[in-house]
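Contents: one structure, followed by commentary.
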Amino acid sequence: MAIIIDGKKISDEIKSEIKQRTEKLFSEKSIKPGLAVLLVGNDPASSIYVNSKAKACQSLGFDSIVKRLPEDTPESEVINIVNQWNADPSVHGILVQLPLPKHINETKVLLSIQPNKDVDGFHPENVGRLVIGLPGFVSCTPAGIFELLKRSNIETSGKHAVIVGRSNIVGKPIANILYQKKAFANAIVTICHTATKDLSYYTKQADILVAAVGKPEIIRGEDVKEGVVVIDVGINRVDDPSTEKGYRIVGDVHFDSVSKKASAITPVPGGVGPMTIAMLMYNTLLSAEGVVY
Ligand code: NDP
C-alpha cells in the first residue's frame, strides 16, 4: 500500500515556518508582509478562494487588502487599482482572482502587475525566469507540488516524470521545475495532453506521475507501474446521491486502484489542494523579505 502524502500536514508545517519568519521580519525590520487581492464579479467559487486567502493572511500575521468590484467594472479601473498597489510599498504581493469577466483582457491585467509583486507567478517575466533557472515567483500549485516531493524525500533526479496536462498554471510550470538542473529536480520530463494518442503508454513509464487534467479518475491502476509516485492535482465534482451534498470531490486519479501499485500518492482532497494557499503566503513572505528580486 502506498504512503499517503499528507498535504494538509505539510502545508501546516510550511505555514508555521512562515509565521516564525513573519515575526522575525517584523521584529528586525518592522515589515509586515502585505497581500492585496482583487475580485471582480460575483463568482461564488472565486469569492470562497478570496475569503480563504484573507483568512490565511490573518492567521499568519500578514496585512491583507481585499477589493471586491462589481461585474461591470471597466478594464481600465482594474488596471488603475493594480497600478496603485504596484506603487504601494506596504503591498508585497498582488493577486487578481481569475477568471475575470469576459469584457476584461486577462493577459493585459496580469501584465500590469509588477513582476516583483506577482506572487501568483503568472507574469511572463516570472514564467521566463523559471524556464531559464533564475530566481522569480513560481506559481503556487506547482511550487506546492515541488514542496510535497521535496519534503517527502522523493528522489527526482534521473527519474522519469510524466505530466498529464499542459496548462499555464499547473502542467507547464511543474514540467519546467522538474527538468531544471537543480537539487530536488533534474528529472526526465514527458508532457501529455489531448493530442497524446495512447495516454496509458506514457503514464505506465512514469516514476513520478503528475495528473493535472480535470477529468475525474481518468488514470486507473492499469495505467501505472508498480512503485510510481503519484501527484493528483485534479479537483472534480462527481454526483453522489449517497452524500448529504449530493456530490463528492475526486481527483484525476482513481485512488483505490492506483494506490495499490503506487509507492506514494497524494489524496484528493488533502493532497495538493492545501499547498496552493500555503505557497501563495510563502511567495508573499519572500517578496516582503526582498529575497527574490
Ligand atoms: P486545464 O483545463 O487548463 O488543463 C487541462 C489539461 O489537461 C490540458 O492541457 C488538456 O490538454 C489536458 N487534458 C484534458 N483531457 C485530457 C485527456 N483526456 N488526455 C490527456 N490530456 C488531457 O486545467 P488546469 O491545469 O487548470 O487544472 C487541472 C485540474 O487541476 C483541474 O481539475 C483543476 O480543478 C485542478 N487544479 C487544482 C489546483 C489545486 O490547488 N489543487 C489548482 C489548479 C488546478 P490540451 O492542452 O490539449 O487541451
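Not measured: the values here are computed from a predicted model. Both ligands and their constituent atoms are indexed starting at 1 by order of listing.
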Hey, is ligand 1 close enough to Ile235 that some N/O pair sits below 3.5 Å? yes

Is it the case that ligand 1 has an N or O less than 3.5 angstrom from some N or O of Ser167? yes

Kindly give the cluster partners of Val228, where membership spreads through any ILVMFWY side chain lying under 4.5 Å from a current member. Ile4, Val162, Val164, Leu199, Tyr201, Tyr202, Leu209, Val213, Ile218, Ile219, Val224, Val230, Val253, Phe255, Val258, Ile265

Remaining members of the apolar cluster that contains Val238, side-chain heavy atoms under 4.5 Å: Val250

Taking the side chain as every heavy atom from C-beta outward, state whether [X] and [Y] have any atom pair closer than 4.5 Å.
X	Y	result
His92	Leu286	no
Asn168	Pro173	no
Leu149	Thr156	yes
Leu98	Glu106	yes
Tyr282	Arg21	yes

Check each of Ile174, Leu130, Asp120 against Val138 using the side chain to side chain contact (heavy atoms under 4.5 Å, CB included) test, and report the only one that passes. Leu130

With a 3.5 Å cut-off and no angle check, do the side chains of Asn126 and Tyr293 form a donor-acceptor pair? yes

What is the nearest protein non-hydrogen atom to [atom], stated with its residue, atom name and distance?
atom	value
atom 12 (C) of ligand 1	Gly165 CA, 4.0 Å
atom 47 (O) of ligand 1	Thr194 OG1, 2.4 Å
atom 20 (C) of ligand 1	His193 O, 3.3 Å
atom 44 (C) of ligand 1	Val170 CG2, 4.0 Å
atom 8 (C) of ligand 1	Arg166 N, 3.9 Å

[X] heavy atoms, cut-off 4.0 Å: which ligand 1 atoms fall inside?
X	result
Val272	41 (N)
Asn236	32 (O)
Lys215	14 (C), 15 (N)
Thr276	39 (C), 40 (O)
Thr141	40 (O), 42 (C)
Gly214	28 (C), 29 (C), 31 (C), 32 (O)

Looking at ligand 1, is there an atom of it that comes within less than 4.0 Å of some heavy atom belonging to Ala212? yes

Quick one: look at Val233 and ligand 1, take heavy-atom pairs under 4.0 Å, and tell me if it's side chain, backbone, both or neither. both

I need the contact type for Ile169 against ligand 1. Using non-hydrogen atoms and a strict under-4.0 Å cut-off, is it side chain, backbone, both or neither? side chain

Can a salt bridge be assigned to the pair Asp207 and Lys225 using a cut-off of 4.0 Å between side-chain N and carboxylate O? yes

Salt bridge or not between Asp256 and Lys260? Use side-chain N to carboxylate O under 4.0 Å. no

Using heavy-atom distances only, which candidate in Ile174, Val213, Ile218, Ile219 approaches atom 13 (N) of ligand 1 most closely? Val213

Does the protein place any heavy atom closer than 4.0 Å to atom 41 (N) of ligand 1? yes

